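Start at 1 and go down the list; that is how both ligands and their atoms are numbered. Since this is a predicted model, take the numbers as computed values, not measurements. Below, all heavy atoms of this structure are taken into account, side chains as well, without hydrogens, waters or symmetry copies. Numbering starts at 1 and runs along the sequence shown.
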Amino acid sequence: MSMRPIPFDNSYARLPGKFHVFQDPQPVAAPELLVINLGLADELGIDPDWIRSEAAVRTFAGNELPEGAEPLAQAYAGHQFGGWVPQLGDGRAVLLGEVIDRTGQRRDIQLKGAGRTPWSRGGDGRAWLGPVLREYLVSEAMHALGIPTTRALAAVATGETVQREQAYPGAVLTRVAASHLRVGTFQYFAARGDHEAIRTLVDHAIKRHYAQAETALDLLNAVVARQAELIAGWMSVGFIHGVMNTDNMAISGETIDYGPCAFMDAYNPETVFSSIDRMGRYAWRNQPEIAVWNLAQFATCLLPLMGERDKAIEQATEAVHRFPTHYARAWLERFARKLGIERPREGDAQLVEAFLKGLADTGADFTNSFRDLASRDVPENLSGWKVDWLARLADEVDWEERIRRANPAYIARNHRVEAMIQAAVTGDLSLFRELSDILDTPFNDHPGKEGYRAPPAPGEEVLQTFCGT
Ligand code: AMP
Ligand code: MG
């Protein structure tokens, strides 16, 4: 066993004091391992003996600090459902530190549900088993789908109870992220008129995520492009984030903060799951526009670094307005591939739109309708469309395989996730393991597991997901 089981190399902790509060995680009563991601641990260069030890379980519970950890809570602000909140910050998350992974990328290792911090406000600083396993499962599923996301390294039970609508078993999630810099991190300092801090953040973000960028405007352009790619990825798998507040949008372009997120079953662009999203602000179809709204907030934060005001506003506006172009290209690439088309051309966008309209008209299952194209099966109302589609595919080779690689057979269907959580609360992790195993390779057929492909039967639908995390 090496001296340093986790090869920490911390940079955020070196930023000035106003960026964070040094805060140790609060120990829990009885740490017990629920799940550990050995593949990810290896990628991060964590000691393979240590990761299998009780010391690792104690660490991921917050009961022990490995050498080199410098636990801290980060400062940020944010717009929540459009309303400005000048101070949020990590209220129940503690960054242990950073590592340089095997590919040379700097990654954050953070405990979520690690106890109160100065930013907890009225909260208990804790998380319960349900949302912890949901985030673990769904974030890893997104990764397997090829969509940029934070990762899950471990989940441990705390042996303590967390009070929500009722008492639940407590848990801690170990999250790995390219960074936890959010739009809201920039907003926190912009709202305080602290241009020096924004300069520091811009430099930090460029170094970590966009080495080719030199100026604040370069950074903005890069973040806009990355977010357009990300949202197109979400749309292509029917993912609904659920809480696209500016504090939940990462500068790195990773999906972050899995709260009331869910995948759509029947295709309906208005789909929204989150119980707190009464106006449907974060419905599936609104996600690109909300991203633009959030990016406009980000751009506003950068203006003081962009020189003469009128010129800066013009350039920042132009940058944000490039989102639709990036997005349209990324969207068409993804959706054309879902139809079996390698390189989209004129007319393909209409072909995709016509297919989606056919699904919307009958409320056909989003995921399965695309997957079934590999065997040339289309919903009945799309038989006319099928003629055009097959004519288009005459120019493509190996399109069946392309469809199978672009369209998952399995997604983390909400009713399955809920059933998994209900079982886990009783101490039964078998559904978690079974689901994890399938969602690890979602493009494979998994003979015998076809039941997991089925949309919820009437009465099985989970219409709402809760933020009571
Ligand atoms: P979220 O909805 O998870 O993005 O969280 C929004 C804000 O509320 C963040 O500042 C969190 O740190 C904080 N927060 C959420 N849950 C808790 C909790 N149980 N205790 C303390 N702070 C929390
Ligand atoms: Mg959040």
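Each of the atoms 4 (O) of ligand 1 lies under 4.0 Å from some heavy atom of N248. Close approach of ligand 1 to G125 is summarised as follows: ligand atoms under 4.0 Å from at least one heavy atom of the residue are 18 (C), 19 (N), 20 (N), 21 (C). Less than 4.0 angstrom separates some heavy atom of G123 from each of these atoms of ligand 1: 20 (N), 21 (C).
Pairs of residues two or more places apart, or lying in two chains, that qualify as salt bridge (Lys or Arg N to Asp or Glu O under 4.0 Å) and include a residue from residues 238-257 are K112-D257, R175-D257, R182-D257.
Between G89 and ligand 1, at least one pair of N/O atoms sits closer than 3.5 Å. Residue D124 has at least one N or O atom closer than 3.5 Å to an N or O atom of ligand 1.
In this structure, Y267 has its ring center closer than 6.0 angstrom to the ring center of W284. Aromatic pair H20/F22: ring centres closer than 6.0 Å. Taking the six-membered ring for Trp and the full ring otherwise, the centers of Y452 and Y410 sit at least 6.0 Å from each other. Ring centroid separation for the pair H204 and F19 does not come in under the 6.0 Å cut-off.
Using a 4.0 Å cut-off between a side-chain N of Lys or Arg and a carboxylate O of Asp or Glu, R107 and E98 do not qualify as a salt bridge. A salt bridge is defined here as a Lys NZ or Arg NE, NH1 or NH2 lying under 4.0 Å from an Asp or Glu carboxylate O, and R58 with E54 fails to meet this definition.
Looking at G115, G91, G184, it is G91 that brings a heavy atom closest to atom 11 (C) of ligand 1. Residue R121 holds the heavy atom nearest to atom 7 (C) of ligand 1 of all those in Q87, Q74, R121. For atom 17 (C) of ligand 1, the choice among R92, R164, Q80 with the nearest heavy atom turns out to be R92.
For the pair R4 and F8, the NZ or CZ position fails the cation-pi test of under 6.0 Å to the six-membered ring centre and within 45 degrees of the ring normal. Seen from the ring of W293, R281 counts as a face-on cation partner, given the 6.0 Å and 45° thresholds.
The closest approach between any non-hydrogen atom of G259 and ligand 1 is not below 4.0 Å. Heavy-atom separations between V243 and ligand 1 are all 4.0 Å or longer.
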Assess whether side-chain contact (heavy atoms from CB on, under 4.5 Å) is satisfied between E140 and T149, documenting all intermediate values. CA-CA 8 Å; E140 288 301 301; T149 176; over 6 Å; no
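In this model, no donor atom of one side chain and acceptor atom of the other lie less than 3.5 Å apart for Y12 and D108.
For the Mg ion (ligand 2), protein N/O/S neighbours under 2.8 Å (waters excluded) are N248 OD1, D257 OD2.
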